[in-house]
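Structure first, commentary second.
Nothing here was measured: the structure is a model prediction, and the numbers come from that model. All residue numbers refer to positions in the sequence shown, counting from 1.
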Amino acid sequence: MGEVSVERAAAGYLRHLVVERGLAGNTVEAYRRDLRRYGEHLARRGKTALGEVASRDIAEFLAALRQGDAGHPPLAASSAGRAVIAVRGLHAFARKQGLTDGDPALEVSPPPPPRRLPKAISVEEVERLLEAAGSTADPDPRALRDRALLEFLYGAGARISEVTGLDIDDLLLSPGGANGVSPRTPPGASTPTTTPLVLLRGKGGKERVVPVGGYAVRALGAYLVRGRPALAPHAKRASPAVFLNARGGRLTRQGAWGILRAAWERSGLTSEVSPHTLRHSFATHLLDGGADIRVVQELLGHASVATTQVYTLVTVDKLREVYAAAHPRALG
């Protein structure tokens, strides 16, 4: 026991993450890079068998991540923390599988990540951005798509990967009703929903059903009725995707980023905006409006309410601002 190589153990652990844990492809690739760097670090110290590794080796690896080594630039605390989590997972897996006698990683903790408040913009800034994307009355199918895309990102609090991965069958609404769309029957229900809903596929293949706001529904309806049919014929093969590119294929994440960037440049906003900015703004504006944090957790698809609680820090700043402006004895 203990003679298994680091490389072989890492390969087995990565297969476990894909097959047994169902982790997202991007996460697995990040772990693969981290473990490759870990293996290189150990090899430079003459250790190729996992059973030879001691806690000190892992602590030195963490220090090397933060300081940079062997052509690798220093990593931020968050990136170094992810790498250490990958290493801890590898050693825990090896111990459980009987590949090693002990777990030297138990004594090494990842560095605490810096507390960063999510970036959010005001409701007025969101409206400026959406107006800059296009109009639901625009004859250009790409303008209809762009407006629907950004309305959907903000109206559903969706990740960009969830929106670009969206298929027509995931929409629990259909073209042709009031404002261009009408409700459909969600899976497992006997009657159509009165509130338009959408099925989103989040990290690790986890699914959730969330409501879609009226503005997003109208923009999506205009796109589905007048925009998408004009883009679809350009494809060599019919795509099930909701959002299509100019060639009729599925819009990529890079394409969606480009749409947001172009709208931001036209809007004149000074704050940098990303797709996640709209997701952060969605959560912050819900909490500002009195939404329960556990409801927001479900809407965002967070596994733990602790992840969602960071948004409450944003609203505390809002409370301070309102108190300072409105209370007669706030300033003295």
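- Checked by atom type and distance alone, the side chain of Glu125 pairs as donor or acceptor with a backbone atom of Ser122 at under 3.5 Å.
- Scanning for ring pair (Phe, Tyr, Trp, His ring centres under 6.0 Å) contacts around His302 gives an empty result, with sequence neighbours left out.
- Under the 4.5 Å side-chain heavy-atom criterion for ILVMFWY residues, a single connected hydrophobic cluster contains both Leu42 and Val4.
- With sequence neighbours left out, Arg142 forms a salt bridge (Lys or Arg N to Asp or Glu O under 4.0 Å) with Asp140.
- Contact annotation: the side chain of Leu171 never approaches that of Leu197 to less than 4.5 Å [non-hydrogen atoms, C-beta and beyond].
- Shown here for Pro104 and Val53, the closest heavy-atom pair between the two residues is CG-O, 3.6 Å.
- Counting only heavy atoms from C-beta outward, the side chains of Val217 and Pro196 approach each other to under 4.5 Å.
- Here Leu260 contributes atom CG and Leu149 contributes atom CG; the two are 8.0 Å apart, rounded to the nearest 0.5 Å.
- Scanning all heavy atoms of the two residues, the minimum distance from Gly39 to Val6 falls at CA-CG1, 4.1 Å.
- Shown here for Asn245 and Arg145, the closest heavy-atom pair between the two residues is CA-NH1, 3.6 Å.
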Just distance, no hydrogens or angles: give the donor-acceptor pairs under 3.5 Å from side chains in residues 234-241, sequence neighbours left out.
residue	atom	partner	partner atom	Å
His234	NE2	Ala230	O	3.4
Ser239	OG	Ala241	N	3.1

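- Without hydrogens or angle criteria, His285 side chain to Ala120 main chain gives no donor-acceptor distance under 3.5 Å.
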Could you list the donor-acceptor pairs under 3.5 angstrom formed between side-chain atoms of residues 263-279 and any protein atom two or more places apart in sequence or on another chain?
residue	atom	partner	partner atom	Å
Trp264	NE1	Leu269	O	3.4
Trp264	NE1	Ser271	O	2.6
Arg266	NE	Ala132	O	2.9
Arg266	NH2	Ala132	O	2.9
Ser267	OG	Trp264	O	2.7
Ser267	OG	Leu269	N	3.2
Glu272	OE1	Arg261	NH1	3.1
Ser274	OG	His276	N	3.3
Ser274	OG	Thr277	N	3.2
Ser274	OG	Thr277	OG1	3.2
Thr277	OG1	Ser274	N	2.9
Thr277	OG1	Ser274	O	3.4
Arg279	NH1	Gly157	O	2.7
Arg279	NH1	Leu300	O	3.3
Arg279	NH2	Leu300	O	2.8

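- The heavy-atom pair separating Ser135 from Leu144 by the smallest distance is O-CD2, 3.4 Å.
- His41 NE2 to Asp57 CG: the interatomic distance, rounded to the nearest 0.5 Å, is 6.0 Å.
- With a 6.0 Å radius and a threshold of 12 heavy atoms from other residues, nucleotides or ligands, Arg294 has its CZ atom at or below the threshold.
- Note: Arg147 CZ to Asp138 CG = 10.5 Å, rounded to the nearest 0.5 Å.
- Between Leu50 and Leu99, every side-chain heavy-atom pair lies at or beyond the 4.5 Å cut-off.
- Here the closest heavy-atom approach between residue Gly202 and residue Arg208 is recorded as CA-NH1, 4.3 Å.
- Asp167 places no side-chain N or O within donor-acceptor distance of the main-chain N or O of Asp169, the cut-off being under 3.5 Å.
- Under a cut-off of 6.0 angstrom, the local environment of CD in Glu7 is sparse, with at most 12 non-hydrogen atoms contributed by other residues, nucleotides or ligands.
- Looking at heavy atoms from C-beta onward, Leu220 lies in side-chain contact with Val242 at the 4.5 angstrom threshold.
- No side-chain heavy atom of Arg201 sits less than 4.5 Å from a side-chain heavy atom of Glu162.
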Would you check, one step at a time, whether the test side chain to side chain contact (heavy atoms under 4.5 Å, CB included) holds for Phe282 with Leu299? CA-CA 10 Å; Phe282 165 86; Leu299 291 172; 4.1 Å; yes
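- Hydrophobic clustering of Ile, Leu, Val, Met, Phe, Trp and Tyr side chains at less than 4.5 Å, counting indirect connections, unites Phe152 with Val210.
- Remark: Glu107 CD to Arg56 CZ distance equals 13.5 Å, nearest 0.5 Å.
- Linking Ile, Leu, Val, Met, Phe, Trp and Tyr residues whenever their side-chain heavy atoms come within less than 4.5 Å leaves Leu251 and Ile160 in two separate clusters.
- Here CG of Leu17 is found 8.5 Å from CZ of Phe93. Values are rounded to the nearest 0.5 Å.
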Determine, step by step, whether Tyr31 and Ile85 satisfy the side chain to side chain contact (heavy atoms under 4.5 Å, CB included) criterion, reporting the C-alpha distance in whole Å, the side-chain angles of both residues, the deciding distance to 0.1 Å, and the verdict. CA-CA 9 Å; Tyr31 274 38; Ile85 288 171; 3.5 Å; yes
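- For the side-chain hydrogen bond (donor to acceptor under 3.5 Å, both in side chains) condition, the pairs that include at least one residue of residues 82-94, sequence neighbours left out, are Asp34-Arg82, Tyr38-His91.
- Under a 4.0 Å N-O distance rule, the pair Arg37/Glu40 does not qualify as a salt bridge.
- Counting heavy atoms from C-beta outward, Thr164 and Thr252 have side chains that stay 4.5 Å or more apart.
- The ring pair (Phe, Tyr, Trp, His ring centres under 6.0 Å) pairs that include a residue from residues 235-257 are Tyr223-Phe243, where partners are two or more places apart or lie in different chains.
- Note on Val295 and Val212: same hydrophobic cluster, where clusters join Ile, Leu, Val, Met, Phe, Trp and Tyr whose side-chain heavy atoms are under 4.5 Å apart, directly or indirectly.
- Considering only heavy atoms from C-beta on, Arg15 stays 4.5 Å or farther from Glu20 through its side chain.
- Enclosure of atom CD in Glu207 by more than 12 non-hydrogen atoms of other residues, nucleotides or ligands within 6.0 angstrom is indicated.
- Taking every heavy atom of both residues into account, Leu287 and Ala291 meet most closely at CD2-O, 3.5 Å.
- For the atom pair CZ (Arg226) and CG (Leu231), the distance works out to 12.5 Å, reported to the nearest 0.5 Å.
- Inter-residue side-chain proximity for Arg66 and Leu75 is flagged as unmet; no heavy-atom pair is nearer than 4.5 Å.
- Checking side-chain atoms of Ser5 against main-chain N and O of Ala49 turns up no donor-acceptor pair under 3.5 Å.
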